[in-house]
Amino acid sequence: ELPGRLAPVFRDRDVLGSSHDLTGEIKNALASSGSMAVVCSRAAAASSWVSREVSAFIELHGCERIFCLVVDGEPNAADPALECLPAPLRRVASGREVLAADARPDADGPKQAFLKIIAGISGLPYERLAQRERRRFARRALAWAAASTAVAAGFAFLAQQANESRILAEREAKRANLTVDYLTSVLGQFLPRAGNGIPTGALLPLIDSSAEPGRLAPLAGEPAALIRVRNILATAYLDLDSHGKALALCEQNLRLAESTFGANSDAALECRFNMARACNLAGHPGRALELLEGLLEVVEEPGSRHGARLASVCIEMNWLLSNQRRHAEALELLEKNRARALSALPAGHTDALIYNSNLALQLIQVGRAGEAGPILDEAIAAKTAKGEGGDADTALFRCYRGIVFSLNDELAPAEECFRGALAVFELKFGKENIRTISTAHKLAIVVGAAGKTAESGKVMDAYFGNPPDPEKLKMAMGPPKPGA
């Protein structure tokens with residue numbers, strides 16, 4: 001059948017002329033041809049013109065140089081409706097075998113059938129063709145065969161090749177996604193957060209090499225996969241304090257996501273969020289806040305399909321405002337959006353737990369620590385129930401809980417919380433990390449307040465040195481509050 005756009009044209013015209021005989025041009029072409037390739041299908045078997053051309057070729061050259069390519073139906077079928085061979089070939093086939101290649105998926109398949117036809121026309125052994133570079137050799141053989149073949153079977157082959165190209169594209173896309181999954185897994189093992197103790201000096205060249213444009217070039221045709229890989233590399237750079245390099249990757253991702261998927265697509269919103277985080281860490285809090293405020297307008301709209309992102313956007317804005325000591329604004333943001341943000345997340349979702357822990361921290365900062373304790377207890381219980389009681393997020397919740405205990409002069413449970421958090425932070429991030437040092441400082445204060453002066457001194461010596469390193473102390477206590 002012809003495509004719908006062309007069918008009317010060919011129905012209204014007799015392409016081969018008004019006569020029932022073959023035209024002079026076709027006869028001349030058949031006379032000068034050394035081979036004939038016949039695309040065999042039910043439509044070909046029913047075509048009188050195909051039969052006439054085949055008969056004319058047999059009269060001129062015999063049947064030895066006729067090569068059949070079966071694409072539909074059955075050769076010599078008992079049911080005439082399924083027959084694919086033109087009538088002259090059925091008659092020939094009854095007395096002499098005509099070389100046929102079967103392109104149907106359950107037989108030779110398109111590639112092998114194509115090679116069989118080329119082998120027959122060119123006189124080269126099929127196995128030799130199959131073992132060499134198939135595409136390069138097939139193109140050369142096809143070019144030679146075309147000069148001696150009367151029937152242009154190219155459209156059938158082009159259709160098959162188009163289908164193969166589609167299958168190949170799907171395979172490449174799948175392979176690209178598998179590559180991304182592999183990179184995610186491998187790079188995850190090397191990031192500092194993995195706690196494997198690999199020094200930063202050894203990691204940075206690895207990430208630089210992975211981020212080279214030449215290394216990412218194979219993913220150029222898969223924008224979603226390329227964005228994922230760049231996000232992995234940007235996260236690695238942020239963990240290694242290479243904020244400028246992370247920001248550059250995030251900017252590339254944002255441009256690609258917006259141009260490919262749209263400004264308010266899931267991919268673009270995620271890239272905008274990652275860029276805001278990179279801007280904040282790179283020392284551009286104003287730009288970061290501008291990006292987050294724009295995101296908030298999109299995700300907090302009633303009925304927005306991006307409602308599940310509301311929690312993560314509020315969490316990041318909270319940290320930015322908190323770093324600027326704007327605790328009242330951060331608390332107002334978290335309280336205002338808490339119900340909607342958490343209702344859009346599954347029960348026990350990590351973002352929900354982090355949201356509540358940040359809410360608890362801001363309550364502590366503004367002097368409402370009594371309201372923070374139950375929120376933190378609920379978060380710790382939920383993480384423990386999921387088997388995640390030893391991860392870094394739970395350690396942070398315990399650290400906040402220890403602050404609440406200490407503010408209420410409950411020193412024993414406060415010490416227990418700080419010791420548990422300190423063990424996790426040191427294991428995950430090392431002794432020099434700000435989380436570890438800050439928690440060690442709080443533990444030393446609580447232990448000293450409980451009258452265990454010698455033990456408090458040991459903690460300080462272990463993490464700050466003797467005498468204490470002033471830079472580490474400054475890091476542990478954070479910048480002074482305005483007016484302090």
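For the single chain, residues carry numbers from 1 onward in sequence order. Hydrogens, waters and symmetry mates play no part in the numbers below; they use all other heavy atoms, side chains included.
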Could you state the interatomic distance from [atom1] ([X]) to [atom2] ([Y]), rounded to the nearest 0.5 Å?
{"X": "Leu321", "Y": "Leu333", "atom1": "CG", "atom2": "CG", "value": "7.0 Å"}
{"X": "Arg65", "Y": "Met36", "atom1": "CZ", "atom2": "CE", "value": "12.5 Å"}
{"X": "Asn358", "Y": "Phe397", "atom1": "CG", "atom2": "CZ", "value": "8.0 Å"}
{"X": "Glu300", "Y": "His306", "atom1": "CD", "atom2": "NE2", "value": "13.5 Å"}
{"X": "Thr350", "Y": "Ile315", "atom1": "OG1", "atom2": "CD1", "value": "9.5 Å"}
{"X": "Ile380", "Y": "Thr394", "atom1": "CD1", "atom2": "OG1", "value": "7.5 Å"}

Considering all heavy atoms, the nearest [X]-[Y] contact:
{"X": "Ala392", "Y": "Phe425", "value": "O-CE2, 3.7 Å"}
{"X": "Cys314", "Y": "Leu296", "value": "SG-CD1, 4.2 Å"}
{"X": "Arg305", "Y": "Asn264", "value": "NH2-O, 3.5 Å"}
{"X": "Cys250", "Y": "Asn274", "value": "SG-O, 3.8 Å"}
{"X": "Ile227", "Y": "Ala257", "value": "CD1-CB, 3.8 Å"}
{"X": "Cys279", "Y": "Leu247", "value": "SG-CD1, 3.6 Å"}

#### Entry: Pair Arg104 + Asp72, salt bridge at N-O below 4.0 Å
no
### Message
Tell me whether Arg338 is salt-bridged to Glu335, with the criterion being a basic N under 4.0 Å from an acidic carboxylate O.
### Response
no
Side chains of [X] and [Y]: does their closest heavy-atom pair fall under 4.5 Å?
{"X": "Thr436", "Y": "Glu432", "answer": "no"}
{"X": "Val424", "Y": "Asp391", "answer": "no"}
{"X": "Asn323", "Y": "Asn280", "answer": "yes"}
{"X": "Asp393", "Y": "Leu353", "answer": "no"}
{"X": "Pro285", "Y": "Gln324", "answer": "yes"}
{"X": "Leu82", "Y": "Asp79", "answer": "yes"}

### Task
Evaluate the criterion side-chain contact (heavy atoms from CB on, under 4.5 Å) for residue pair Val38 and Phe57; output intermediate values, then yes/no.
CA-CA 11 Å; Val38 183; Phe57 188 89; over 6 Å; no
### Task
Show your working on side-chain contact (heavy atoms from CB on, under 4.5 Å) between Arg435 and Leu396 and close with a plain yes or no.
CA-CA 9 Å; Arg435 301 172 184 84; Leu396 190 63; 5.9 Å; no
## Note on the structure
Test side chain to side chain contact (heavy atoms under 4.5 Å, CB included), reference Pro86, set Ser41, Ser48, Ser47, Ser51, output is Ser51
### Query
Is the closest side-chain donor-acceptor distance between Asn253 and Asn231 under 3.5 Å?
yes
### Any donor-acceptor N or O pair under 3.5 Å, side chains Asn318, Gln362
yes
#### Entry: Partners passing salt bridge (Lys or Arg N to Asp or Glu O under 4.0 Å) against Glu297 (at least two apart in sequence or in another chain)
none
### Message
Would Leu291 and Phe273 count as a side-chain contact (heavy atoms from CB on, under 4.5 Å) here? Give the steps.
### Response
CA-CA 7 Å; Leu291 287 165; Phe273 177 84; over 6 Å; no
### Task
Apply the test side-chain contact (heavy atoms from CB on, under 4.5 Å) to residues Cys40 and Leu69: give CA-CA distance (whole Å), side-chain angles for both, the deciding distance (0.1 Å), then the verdict.
CA-CA 6 Å; Cys40 299; Leu69 178 67; over 6 Å; no
### Task
Before giving the answer on salt bridge (Lys or Arg N to Asp or Glu O under 4.0 Å), spell out for Arg272 and Glu258 the whole-Å C-alpha distance, their side-chain angles and the decisive distance to 0.1 Å.
CA-CA 10 Å; Arg272 206 168 294 138; Glu258 288 183 341; 2.8 Å; yes
